[in-house]
Amino acid sequence: MKFQTIKGTFDRLPEDSAKWRLVQDKAREVLERFGAGEIHTPVFEDVGVFSKAVGDSSDIVRKEMYTFTDRGGRNLCLRPEATAGMVRAYLEHGFASKPTPVKFWTFEPMFRGEKPQRGRERQFHQVGFEILGLPDALADAEIIDAGVQLLSSLGVKDYEIHLGSVGDPEDRAAYNQYLRDTLSPVLEKLSKDSQERLVLNPMRILDSKEKIDQALLLELKVKPMLEFLGAEAREHFEAVQECLKAWGIPFVIDSSIVRGLDYYRRTAFEFIHNSPEMAGCSTILAGGRYDGLAEILGGQHTPGVGWGCGAERVILAMEAEKITAPPLEKPLVYVIPLDAESMLYAQNVARAVRGIGQALCAYKVKGMGKALADAEKFGSRFAVIVGSNERETGVLSVRNVVTREQESVPFEDLVSWLSKSMISS
RNA sequence: GUGGGCGUAGCUCAGUCGGUUAGAGCGCUGCUCUGUGGAAGCGGAGGUCGCGGGUUCAAGUCCCGUCUCCCACCCCA
């Protein structure tokens, strides 16, 4: 084979479509009930939209973005995440003058040059939901509720909501300073990765997988971020929890939640799936608050909260929980021409049926047995047999593929006959 | 980006100690078979044994490199 999909990408085949369609349909249904409008931003944008929003120090910008220059010399990139583009669109189209809040939902591919693994592709797909214009904790809670509703509508149950807060920028700065002050004296005792983290992003040391790091954190009794929240951030964090409790949404406080994207403020959360098959890709939905992002993009201050939900991962989670999607529509009829002379007539039958449903017609004349077997292989409900008798009389032989009952139906009555049988079954 | 595992037909897999023309089942397809069911029988198509080099009289098999996918990291949805 000369060509194949490039690393980290995959073909989504017809046999995969039922699950994908379910995810997309439920996202639309659930999120539009929250009042979200469907939005689609371009897959490529000015690289600045993401490098500014996500942060130059983030791994996504530093080593995972697909950037390129077009023929006009423009510096572009394939979008690595959804939020920045949606905020850019919000600003560009003057959504600030629309009633507040503005809610967007989307379902789009994202691109990151990561090393592929299960549940981790270079082109992956996210459902996104954003609420723009509301600084209130109520919006944070609502957006988490929307995530819960989406997963519940898909039948996904075996997960936990981890809730944390990264505070306001000054809280985070103070905490990072605290970490540097506390850990610098013992720099040599940290793992090599964490020594780098201490310079670049000290908070990442907290969720290091290295035992020596964790032991050291314990030994030094390093305080969690949550103890550094300012009064307002703390109040906000507690208000979010109050809402969730009031709505009976279970969650666990997780002070180790660290965002890879710099624009997050205050609330940060992750929905983490429990099944062992999801090890390594257990975060199926994640998000938080990003007040300040609009200003970074050159707009006026616009608070916002949102999340992204990885479609590939949710589908893996559904498979782990043995959830199946409803099958896609099967052919209503399979038309069988019995001789070469009936071919056109048979096609006419199929064309008529397509007014109300899916119709297939055989392209070759085969033995009756083979043809009926084909009707079943294609999954059709009825086989319509067209031979010389049928052509001469205009009365078709319609056979139920499952029950094998057969009756004669005049061509002109076929569509209404089929409609009736669809209702009665 | 680092470390490890895998790779033979569309799918699931066999292939001995390195030995002649690389096999099976399923699937696809043709015929037996021009008016009623998935059968059966007999055929056919489909492979650069992931790719490239090396060792050897001889490589699917041994060695090296490389790519993919998978696993653990990094990181993330």
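We name chains A, B, ... by the order of the sequence lines, and we start the count at 1 in each one. Everything numeric in this text was worked out from a predicted model, so none of it was measured.
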_Integer angstrom distance from the C1' of B:C76 to that of B:A59_ = 43 Å
_Can you say whether a donor on the side chain of A:Q406 sits under 3.5 Å from an acceptor on the base of B:U36, or the other way round?_
yes
Between the protein and nucleotides 39-45 of chain B, list every N/O to N/O distance that falls short of 3.5 Å.
none

_Nearest-angstrom distance, P atom, B:C6 to B:C62_ = 11 Å
*List in chain and number order the residues that pass side chain to side chain donor-acceptor pair (under 3.5 Å) with A:Q117, two or more places apart in sequence or in another chain; answer none if no residue qualifies.*
none
*Reckon A:K115 has a side-chain N or O less than 4.0 Å from the OP1 or OP2 of B:C76?*
no
*Please find out if less than 6.0 Å separates the ring center of A:W417 from that of A:F382.*
yes
*Should we count CZ of A:R180 as having more than 12 external heavy atoms under 6.0 Å?*
yes
_Between A:F104 and A:F129, is the ring centroid distance below 6.0 Å?_
no
*Does the distance from a Lys or Arg side-chain N to an Asp or Glu carboxylate O, for A:R266 and A:D291, drop under 4.0 Å?*
no
*On a whole-Å scale, what distance lies between the P atoms belonging to B:A24 and B:A14?*
16 Å
*If you take atom types as modelled and just measure distance, does the side chain of A:R197 reach the base of B:C74 with a donor-acceptor pair under 3.5 Å?*
no
*Are any of A:K7's side-chain N or O atoms less than 4.0 Å away from OP1 or OP2 of B:U68?*
yes
*Report, as yes or no, whether the 6.0 Å neighbourhood of atom CZ on A:F251 holds more than 12 heavy atoms from other residues, nucleotides or ligands.*
yes
*Can you tell me how far C1' of B:C71 sits from CZ of A:R118, to the nearest Å?*
11 Å
*asked:* Could you tell me how far B:G46 sits from B:C28 if I compare only their C1' atoms? Round to whole Å.
replied: 9 Å
*Stems in RNA chain B: runs of 3 or more consecutive Watson-Crick or G-U pairs, distances under 3.5 Å?*
B:1-5 with B:69-73, B:10-13 with B:23-26, B:28-32 with B:40-44, B:50-54 with B:62-66
*Side chain of A:R120, base of B:C75: donor and acceptor closer than 3.5 Å?*
yes
*Give the ring-plane orientation class for A:H40 versus A:W105, where under 30° counts as parallel, over 60° as perpendicular and anything between as tilted.*
perpendicular
_Nearest-angstrom distance, P atom, B:U12 to B:C70_ = 14 Å
*Using only heavy-atom distances, decide whether a donor-acceptor pair under 3.5 angstrom links the side-chain of A:E390 to the base of B:G35.*
yes
*Quick check: are there more than 12 heavy atoms from other residues, nucleotides or ligands sitting under 6.0 Å from CG of A:L344?*
no
_P gap between B:A9 and B:C49, integer Å_ = 10 Å
*For B:U8 and B:U16, measure between their P atoms and round to the nearest Å.*
15 Å
_So for A:R404 and B:U36, does any side-chain atom that can act as donor or acceptor lie under 3.5 Å from a complementary atom in the base?_
no
*Is the distance between the ring centroids of A:Y334 and A:F378 less than 6.0 Å?*
yes
*B:C67 and B:G5: how far apart are their P atoms, nearest whole angstrom?*
16 Å
